[in-house]
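Let me begin by presenting the structure, written as structure tokens, before commenting on it.
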Amino acid sequence: MPQEIALLKTHTCGELNRRRVGNRVTLAGWVDRRRDHGGLIFVDLRDRSGIVQVVFNPQVAKVVHDLATELRSEFVVRVSGEVALRPKGTENPKLPTGEIEVIAGEITILNRSKTPPFYINEEVEVEENLRLKYRYLDLRRPAMQQRIILRHRIVKFIRDFFNAEGFLEIETPILIKSTPEGARDYLVPSRVYPGKFYALPQSPQQLKQLLMVAGFEKYFQIARCFRDEDTRADRQPEFTQIDLEMSFVEAEDITNLVERLMISLAKTVRPDMKLVEPFPRLTYAEAMERFGSDKPDFRFGLEIRDISDIAAASKFGVFCSAVSDGGKVKGICAPGCGAYTRGQLEELNRLAQSLGAGGLVTIALGSAPGDLGDLQMEMVKSVAARYLTIEQVKAIAQKMNARMGDLMLIVAGKGNLVDEVLGELRLHMGRQLKLIDPNSLSFAFVLDFPLVERDKKTGGWKPVVHPFTMPKEEDLPLLESAPDRVRSKSYDIVCNGYEIGGGSIRIHTRDLQKRVFAARGYIDEDIEELFGHMLEAFEYGAPPHGGIALGLDRLIMLLAGAETIREVIAFPKNQNAADLTFNAPSPVTWEQLDELHLKLHDEYHPVPEDR
RNA sequence: GGCCCCGUGGUGUAGCGGUCUAACAUAACGCCCUGUCACGGCGUAGAUCAGGGGUUCAAAUCCCCUCGGGGUCGCCA
């Protein structure tokens with residue numbers, strides 16, 4: 001048997017073009033579409049590389065043509081024939097292979113197909129649970145193939161990048177120890193140790209720090225992480241992080257490295273998208289003040305401005321009392337919205353109230369453009385109008401960069417709440433006014449997060465990043481007296497309003513690590529039990545180190561222009577953390593449970609088999 | 001756990017108290033067709049309108065409950 005017949009195909013569909021004219025080729029793939037003219041039959045043959053038209057002509061091969069009448073969508077076939085230029089005037093400029101076609105001389109039906117439950121060959125929105133149940137068919141659709149291929153290219157790029165930077169990719173265990181902090185763990189019962197459990201890693205955080213203690217200096221990993229928490233469009237129970245850690249570095253070393261990675265990656269896989277560089281860097285405090293969010297969307301302006309000083313001097317009770325109670329008065333300017341109707345304004349007010357604000361004060365600066373200098377009090381529409389002077393209105397407008405015809409949205413109250421509400425209003429207006437360029441990637445770094453914050457459940461302090469985060473030296477004196485005012489050497493990278501990564505410089509000495517735990521109310525015994533392995537490691541020459549973890553799924557989602565991370569994960573879980581392809585999770589047998597020394601509540605327990 | 005949205009032939013939609021014996025497109029099936037490419041023409045079949053209960057003379061349509069799906073808040077160190 002000749003060597004070349006060992007393969008079912010000699011060429012891919014998408015690679016054929018006029019240079020192959022005259023070649024005899026063998027293709028294999030799926031029937032994308034069939035156009036049966038009674039005499040001639042055209043079949044669009046699809047494989048991973050693309051689509052090519054195959055012509056079945058009864059005058060060329062009667063038997064082959066007869067077989068082709070049986071073809072239906074998604075049949076798997078192997079076709080041999082000659083590549084030919086299409087007759088003049090029948091070229092299809094919409095197809096990359098549209099100049100040529102394959103004149104079929106042989107065909108083998110390798111496998112038939114039932115009519116698929118949804119279209120493979122058309123870009124139609126299909127109910128997601130149906131797509132997930134038949135994920136292998138969903139993944140056959142060209143748009144999904146492109147996203148998965150993009151994912152591959154991104155991961156390949158990242159591995160090459162870190163390799164070139166001198167990083168080592170090191171795997172870490174999936175079965176580790178449950179930690180008391182952070183998200184809920186996925187637990188794995190131990191057969192060997194009755195009553196004991198492994199946990200799946202929420203991230204390789206402690207392991208990568210130990211790799212630094214071990215002296216590897218530059219580590220990275222494409223790491224699977226598990227968190228048993230509710231899902232979102234950008235969150236599911238298992239996800240992938242680009243995890244990295246470096247020794248002998250400061251925060252800027254990490255952020256600069258990540259910035260170089262993101263820029264080169266984005267330019268490589270999405271050269272068509274707009275990128276602003278260098279990436280803006282702002283502190284957490286600044287991000288909250290200006291954008292009301294720790295993950296600001298930089299694709300549009302509408303920044304939050306503080307007008308507390310003007311408000312305090314006014315005769316408007318809501319404003320004055322907010323400031324005298326230690327709060328703030330801040331606002332954003334919605335350009336060109338001065339003519340908003342009562343209904344539209346009420347909708348904004350309801351939104352503000354649903355976010356926890358007492359209310360929303362709007363000031364419309366007339367309903368048409370013009371020079372702010374000409375603004376008259378009669379043109380100002382606001383509940384606050386009769387308590388404000390025209391000078392005060394103009395001063396507020398000036399502070400917000402507002403012009404005639406604009407609408408100012410103002411919230412008064414406690415500082416944090418005011419920022420958060422305005423942050424949401426800002427996003428709402430940005431979307432409503434279509435200020436967001438969908439073709440841009442706006443990265444930024446948010447720095448110096450607080451070390452700890454109040455835990456709403458326990459009332460104690462909990463880390464904002466994680467318990468190994470290094471406090472800023474200048475804030476250390478506050479660690480015991482006012483821990484929430486201690487800033488950390490931490491940094492998030494955000495893009496288009498998504499947090500796509502976060503990291504920090506770590507504590508690397510036993511004494512400071514113990515002090516941080518103690519400041520959060522841990523007693524010595526607990527510290528030893530829960531984190532003793534880390535503290536001990538720090539006693540054996542742990543180098544200063546730090547790192548970051550990047551959410552690979554979110555990053556790919558943004559680079560793919562997808563709405564959810566499920567669109568860039570081959571086999572994702574649905575919102576209820578279920579795998580609809582396999583129907584996981586599923587019950588297990590009594591024997592399996594028994595072997596693991598487990599007993600379930602009666603209503604869930606399978607009956608022992610006595611067959 | 002809270003709130004919002006969705007569930008109609010295989011798929012995607014329309015219908016939102018009576019004209020629904022449920023419409024349209026596409027897919028499917030049959031016949032015709034030698035230059036189509038979302039091929040075309042003719043015909044056939046296919047839905048107890050997610051499930052249950054209620055209101056009404058009358059429910060796909062209004063109300064309640066359940067189930068399933070999506071979004072979001074909480075949650076996610």
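Only heavy atoms go into these numbers, but all of them, side chains included; no hydrogens, no water, no symmetry mates. Chain naming here is simple, since letters A, B, ... match the order of the sequence lines and numbering starts at 1 in each.
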Could you verify whether a donor N or O on one side chain and an acceptor N or O on the other, from A:T172 and A:Q221, lie under 3.5 Å apart? yes
Here the distance between atom P of B:U34 and atom CD of A:Q59, to the nearest Å, is 10 Å
Using a heavy-atom cut-off of 4.0 Å across all strands, would you classify A:P87 as base, sugar-phosphate, or nothing? base
Nearest to side-chain heavy atoms of A:R35, which nucleotide of B:A38, B:G71, B:C39: B:C39
Rounded distance in Å between the C1' positions of B:U48 and B:U44: 22 Å
Please tell me whether A:R506 and A:S504 have a donor and an acceptor in their side chains that are separated by less than 3.5 angstrom. yes
Do the side chains of A:V258 and A:F445 get nearer than 4.5 Å, heavy atoms only? yes
Gap in Å between the two C1' atoms, one belonging to B:C6 and one to B:G12, rounded: 14 Å
How is A:P467 classified with respect to the nucleic acid when contacts are heavy atoms under 4.0 Å: base, sugar-phosphate, or nothing? base
With heavy atoms under 4.0 Å as the rule, sort A:I41 into base, sugar-phosphate or nothing. nothing
In terms of side-chain geometry, is the basic nitrogen of A:K472 or A:D448 positioned less than 4.0 Å from the acidic oxygen of its partner? yes
Applying a 4.0 Å non-hydrogen cut-off, can you work out what A:T115 is touching in the nucleic acid: base, sugar-phosphate, or nothing? sugar-phosphate
Under the salt bridge (charged side-chain N to carboxylate O under 4.0 Å, His left out) test against A:E74, which residue among A:R46, A:K114, A:R112, A:R33 passes? A:R46
Give A:R86 one of three labels, base, sugar-phosphate or nothing, depending on what nucleic acid heavy atoms sit under 4.0 Å from its own. base
Of the options B:G35, B:G71, B:C75, whose atoms approach the side-chain atoms of A:A233 most closely? B:G71
Given the structure, check if the side chain of A:R232 and the base of B:G74 hold any donor-acceptor pair shorter than 3.5 Å. yes
Quantified in whole Å, what is the P atom distance between nucleotide B:C57 and nucleotide B:G68? 35 Å
If I take atom CZ in residue A:R184 and atom P in nucleotide B:C76, what distance separates them, rounded to the nearest angstrom? 8 Å
I'd like the P distance from B:C20 over to B:A59, given in whole Å. 15 Å
May I ask you to say what A:T564 touches in the nucleic acid, namely base, sugar-phosphate or nothing, with a heavy-atom cut-off under 4.0 Å? sugar-phosphate
Report which part of the nucleic acid A:E128 touches: base, sugar-phosphate, or nothing (heavy-atom distance under 4.0 Å, all strands). sugar-phosphate
Presence of donor-acceptor pair under 3.5 Å, side chain of A:R235 and base of B:C75: yes
Euclidean distance for P, B:C63 against B:G18 (whole angstrom): 15 Å
Classify A:R566 by what it touches in the nucleic acid, base, sugar-phosphate, or nothing, heavy-atom distance under 4.0 Å. sugar-phosphate
Report the base-pairing partner of B:C42 (Watson-Crick or G-U wobble, both distances below 3.5 angstrom), or none. B:G30
Would you say the side chain of A:N576 and the base of B:G68 hold a donor-acceptor pair, judged only by whether the two atoms sit under 3.5 Å apart? no
Would you mind classifying the nucleic acid contact of A:E91 as base, sugar-phosphate or nothing, using non-hydrogen atoms under 4.0 angstrom? base
Work out how far the C1' atom of B:G46 is from that of B:G54, and round it to whole angstrom. 32 Å
Hey, does A:E125 reach any base, or is it just sugar-phosphate, or nothing, if we go heavy atoms under 4.0 Å? sugar-phosphate
Under-3.5 Å donor-acceptor pair between A:E127 side chain and B:G70 base: no
Paired with B:C3 by Watson-Crick or G-U wobble geometry, both distances under 3.5 Å: which nucleotide is it? B:G71
Answer with base, sugar-phosphate or nothing: what part of the nucleic acid does A:V55 contact at a heavy-atom distance below 4.0 Å? nothing
Between B:G9 and B:C64, how far apart are the C1' atoms? Round to whole Å, please. 29 Å
N/O (side chain, A:Q575) to phosphate O (OP1/OP2, B:G71) under 4.0 Å: yes
Taking RNA chain B as the partner, which of residues 344-355 of chain A come within under 4.0 angstrom of it by heavy atom? none
Which parts of residues 490-517 of chain A get close to RNA chain B, meaning a heavy atom less than 4.0 angstrom away? none
Would you measure the distance from the P atom in B:A28 across to the matching atom in B:C65 and give it in whole Å? 42 Å
Are any of A:N574's side-chain N or O atoms less than 4.0 Å away from OP1 or OP2 of B:G69? yes
